[in-house]
Amino acid sequence: MVKNWILLFGIIAVFSAAMVGLTILPKLVVDPRVDQVEFSNTFEIVQGHAIYVREGCIYCHSMQVRPEGFGADFERGWGRASEAEDYRNLTPHLLGTMRTGPDLSNIGSRQPSVDWHLIHLYQPRAVSEGSIMPPYPWLFEVVSETARPNREGLSLPEEYRIPGKKVLPTDEARYLVAFLLSLNQEIPGVEN
Amino acid sequence: MADNEKNQNNKPFGDEERKDSIFDIHTAALREAPLPEEGNERGPVWMYVVIVLTLAFGFFYMGRYLGEVSDRAHVLFTAPPGAEVTGEVEFDLLAEGQRIYTRVCQACHQANGEGISGVFPSLVGAEWVVDEPDYAVMLTINGLRGELVRERAVYDGVMPGFGNQLDDLDIAAVISYVRSSFGNDAGEISEDRVAQIRELTADKSGAYTAETIEEWITRIEPELEGSAEAVSE
Amino acid sequence: MIGGHQSEIDSTFQSIRFLDEKARYPVLFLVVSGVFWLLFGSLLALMASVKMHAPEFLGQLSFLTFGRVRPLHLNTMVYGWASMTGAGVALWLLSRTLRVAIPMRPYIIGVTALWNIALLVGSVQILAGFTRGIEWLEFPVSTMIVIVWCILVIGIAAMFMLFYRNVKTLYVSVWYIIAAFLWLPLLGGVSSMPIFDTPTVQAGMNWWFAHNALGLWFTPIGLAAAYYFIPKVIGRPIYSYGLSLLGFWGLALFYNWNGFHHLIGSPLPTWFVTISIAASVMMIIPVVVVAVNHHMTVVGSFSAVKHSPTLRFVVFAAMSYTFVSLQGSIQALRTTNEIIHFTHFVVAHAHIGMYAFVTMMLFGSCYYILPRLTNWEWQSHKLIKAHFWLSAIGIILYTVPLQVGGVLQGLAMNNPDIPFMDTMNLTIPYLIARSVAGVLLTVGHLIFAYLVIRIVAKVGLKPEIPGVWSKKIKEA
């Protein structure tokens, strides 16, 4: 090649075509559909989403169920295939590409126990033997048993209890659990 | 600006560079061979075959799997026809129960049904599961909270209700599964029984406590027909 | 093409001595910064890798949790090590192939300093939890824009070199580098725009960006280096100019459309995904063409890899490129993707691309460029060999077990009778193997950093002969 303009024009042109095709066009196609849905995002859910992002849960948990017949997502009881309306329109997106841990699209209906989630976040191995999920102790505070008499500590299994102390979830932990419990495709924005 | 840059760059060596010996300047070049000019071979025939085949496959793939130009996802995976029919023919209450247990119960009550002492009660030989399954049906529908003493451990947690999520058949299946697994050896629960209990406790909102579940069971017991266990033929 | 040999030893402004002299400070600054981020990223990588099989390791510290260390590892390696060193190598290659000194040198040094500061700020932001939360784009938008702007300034310098060149024909390396310097700021700009406010659409943009950061920025720089160093070191011409053209325009045409194959089965409209899969398959064309072109250039002179550290790294990298790209094309198909999606297979695949191809290519380039910039020689042949074998064995030990583990994990995941916990448990031995491999790679990086510090600081005696492993070859 000798001419600058052939090179420069070609480079820009191929890029622009793909940019329109894979970012602008999907936006034009998908956005109107999502805009039709009302999302009742409470303060807790929005905050919990931010904590989910902050702690990088996405690097081990996907949030997209593949359709029946493609993989075994349906057979594992993770629910129907995800649709664009299932994400409460919260960004950044949390679709994820890794399943070191299970898919969380339907965790709110599969595991609706607040107790379980709190213990699991404080120490995953307390309720899930052999798990390699990291613990999130900074979402909890460990206080003396006598402090704050009106609040119950987490009921941990024997080996994770700290004598004379109780473990209280902070607001952040409760927001995160509120977000996890909101993940429920059984009550979708749109019927499919 | 660019012009200035260029002039500056193109200026021959300044004075300080002249101090370098001719030898030094030349070693830089002599230590490497010049970049040879490109050849212009055509390449092997198989390469062109690969190119043509790839193009052909690419366009075939697009044509075959494009589906439709719309906003629909999962276009290629619409529900396979006939799936429901085979499902009914091979329906197995306990297998279905096991699937539900793995999905919604196992996280707390654990894969062996033994729970975690002091945190989640065991289902193995549990009175409310094996002997009086009506309790199990009721608390699965509405949930259970508050203090509960079992096997010398005190439990004080909240079990959520699954009545919205699981229908009568699901609840019958999962309780039947629990009753016949983990060393338990009791019979199946019928869908009708669950339906009856659900109807009779329709007024109850929120979770039971250990006391209120007793109250409710005495209230509805006279109206329940037959025994809890389904007659197995 | 490039003028005759005469001008290379000519003591004028086009001589390589003059060009290298002018390139010294900007390129050295970029390379040395890159090496710093390589070491920093390696440390994070080791930490993240160990956490995968020992979850309590450093588990009590919020800023060192896996979900923050892992993205920071990726970002420092991508925007620190590979981008900075890559930009430096690209500038040097342009200066050589266009026979013009690097312009805007103070500006380049300035933006490199700014780039380092942005990376530092971004690192603190991610560890403190202020992540943007999008894979490959974890730096907050403001930080990312600074980095893109730095690359844009270096790209402007590249454009000046293109327009004020002293050669008539553009060598193939130039096409790739110019394209890279245009594509990355465009990609960075588009991905930073606030218009992607719907989760699904943002996911599409996310993977389009992430795949093309590799495809349109690192791959062109890596291929440019291969196209320059292979013929330069072995002294044989590139096999075919026509194939170079075909390879370049094939990549430009098809690579742009890749990315959505990371989202097969996701709620994105099916037809976009299908187009992207088809484009991934079409990548076979440029890859095979480039592979033939490189192979036919090297064939017959293959023994040169025994004597030249540069060639050894570059040939390893070029072979990895062919392998990883063909693997990628197969991976994109729905049938294979059904198994390997959501598993460690993809992580290993990404490391063949970013390490076995891009990083090895940059190592090879550094071994050639640094003696010319510093006018000094590498201090130890043994250490260079040790670095090569640690890196090569390390990356093979990293990827092969992890891909095997990934396939097993995927097969288990698609079998609903296997409890989910078992799909994770069966990967543990492979994750431990990865940590071992990570140690090997890190030791290699430490050796490389040591050598770079020695040559930049001009420690030790200047060796009498260039650091070639054989006098038959004119190379260092």
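Because the structure is a prediction, the values reported are computed rather than measured. Numbered from 1 within each chain, the chains take letters A, B, ... in sequence-line order.
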Practice prompt. Check whether Glu75(A) gets within reach of chain B through its side chain, its backbone, both or neither, counting any heavy atom under 4.5 Å.
Written response: backbone
Fill in: Non-hydrogen atoms of Tyr52(A) and Leu180(A) that approach each other most closely
CE1-CD2, 4.1 Å
Discussion item. Given heavy-atom pairs under 4.5 angstrom as the criterion, report whether the side chain, backbone, both or neither of Ser70(B) touches chain A.
Written reply: backbone
Worksheet entry | With sequence neighbours excluded, residues passing ring-ring contact (aromatic ring centres under 6.0 Å, His included) with Tyr155(B) | none
Practice prompt. Taking side-chain hydrogen bond (donor to acceptor under 3.5 Å, both in side chains) as the test, write out the residues that go with Asn184(B), two or more places apart.
Written response: none
Discussion item. Check Arg33(A) with Glu85(A), please: is the shortest side-chain N to carboxylate O separation under 4.0 Å?
Written reply: yes
Discussion item. Filter on salt bridge (Lys or Arg N to Asp or Glu O under 4.0 Å), then keep only pairs touching residues 110-127 of chain B, sequence neighbours left out; what's left?
Written reply: none
Worksheet item: Under a 4.5 Å heavy-atom cut-off, does chain A meet the side chain of Gln110(B), its backbone, both or neither?
Response: side chain
Response to the item:
Among residues 116-140 of chain A, those lying within the under-4.5 Å heavy-atom range of chain B are Trp116(A), Ile119(A), Ala126(A), Val127(A)
Discussion item. Shorter than 4.5 Å, heavy atoms on both sides: which option in Asp71(B), Val104(B), Val154(B) has the most such pairs with chain A?
Written reply: Asp71(B)
Worksheet entry | Top contributor to chain B contacts, counting heavy-atom pairs under 4.5 Å, from Val29(A), Asp115(A), Leu156(A), Leu154(A) | Asp115(A)
Fill in: Ring centre gap for Tyr87(A) and Phe39(A) strictly below 6.0 Å
no
Discussion item. Between Arg179(B) (side chain only) and Val130(B) (backbone N and O only), is there a donor and an acceptor less than 3.5 Å apart?
Written reply: yes
Worksheet item: Do Arg99(A) and Ser62(A) have side-chain atoms, one donor and one acceptor, less than 3.5 Å apart?
Response: yes
Worksheet item: Quick one: of Pro67(A), Ser82(A), Pro157(A), who has the most non-hydrogen atom pairs under 4.5 Å with chain B?
Response: Pro67(A)
Worksheet entry | Plane angle bin for Tyr177(B) and Phe182(B) - parallel if under 30°, tilted between 30 and 60°, otherwise perpendicular | perpendicular
Worksheet, complete the sentence: Comparing Gly118(B), Gly157(B), Gly115(B), Ala107(B) against chain A, the one with the most heavy-atom pairs below 4.5 Å turns out to be Ala107(B)
